[in-house]
Amino acid sequence: MTLRQLKITAPTGFGRPATVELDGEPIGQDLRGVDLRIDADEIVTATLHLLHVASEFNGQAAVTLPEETQALLKRLGWTPPAEDGG
């Protein structure tokens, strides 16, 4: 498991959001939450919950991810699918 530098700063006042950085990059605007777990070996596991829109669609669509989302996912080890030749 690759360890990443995660920094979470608690809000400094009422109505202010926490800040979250992954490897020095701010990612809080892309998150709806973070769960932290510390196992017996004191390894911290962070589960990042990305923002998403709950809706329903039934049909074909070309699906893309914003570059910022792709960059975040790639930093977390995601490999994008191969492009369609057609």
Side-chain angles (χ1 to χ4, degrees):
M1 175 188 321
T2 301
L3 298 179
R4 308 286 184 154
Q5 184 64 38
L6 181 66
K7 179 181 178 182
I8 301 172
T9 304
T12 57
F14 181 75
R16 291 187 156 170
T19 59
V20 181
E21 293 180 6
L22 179 65
D23 294 332
E25 298 286 331
I27 62 168
Q29 71 279 1
D30 300 320
L31 300 175
R32 67 178 169 85
V34 178
D35 292 329
L36 295 176
R37 185 179 143 248
I38 303 173
D39 67 18
D41 295 327
E42 296 185 7
I43 299 291
V44 176
T45 301
T47 302
L48 305 178
H49 301 278
L50 299 177
L51 288 172
H52 65 279
V53 177
S55 62
E56 185 176 325
F57 174 80
N58 185 6
Q60 294 186 340
V63 178
T64 62
L65 294 173
E67 288 184 24
E68 299 83 18
T69 301
Q70 289 184 42
L72 172 62
L73 292 172
K74 287 176 184 177
R75 287 195 308 264
L76 296 173
W78 174 67
T79 301
E83 287 295 319
D84 225 354

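Remember, predicted model here, so these are calculated numbers, not experimental data. Because only heavy atoms are used, hydrogens play no part in the values below, and waters and symmetry mates are left out as well, while side chains stay in.
Looking at Asp41, its side chain never comes within 3.5 Å of a backbone N or O of Ile43 through a donor-acceptor pair.
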message: Could you go through Leu6 and Val20, starting from their C-alpha distance and side-chain angles, then the distance that decides it, and tell me whether this counts as side-chain contact (heavy atoms from CB on, under 4.5 Å)?
response: CA-CA 7 Å; Leu6 181 66; Val20 181; 3.9 Å; yes
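More than 12 heavy atoms of other residues, nucleotides or ligands lie within 6.0 Å of CG in Leu36, so this atom counts as buried by the packing criterion. For CD of Gln5, the number of neighbouring non-hydrogen atoms (other residues, nucleotides, ligands) closer than 6.0 Å is 12 at most.
You'll find the side chain of Arg75 reaches within 4.5 Å of the side chain of Leu72, heavy atoms only. Annotation: side chain of Thr19 is not in contact with side chain of Ile8 (no heavy-atom distance under 4.5 Å). In this structure, Leu73 and Leu50 have side chains that are in contact, with non-hydrogen atoms separated by less than 4.5 Å. Using a 4.5 Å heavy-atom cutoff, the side chains of Leu76 and Leu22 are in contact. Annotation: side chain of Asp30 is not in contact with side chain of Leu48 (no heavy-atom distance under 4.5 Å).
Between the OG1 atom of Thr47 and the NE2 atom of His49 there is a distance of 5.5 Å, given to the nearest 0.5 Å. The NZ atom of Lys74 lies 8.5 Å from the CD atom of Glu67; values are rounded to the nearest 0.5 Å.
Taking the side chain to side chain donor-acceptor pair (under 3.5 Å) definition, one finds that Thr69 meets it with nothing, sequence neighbours left out.
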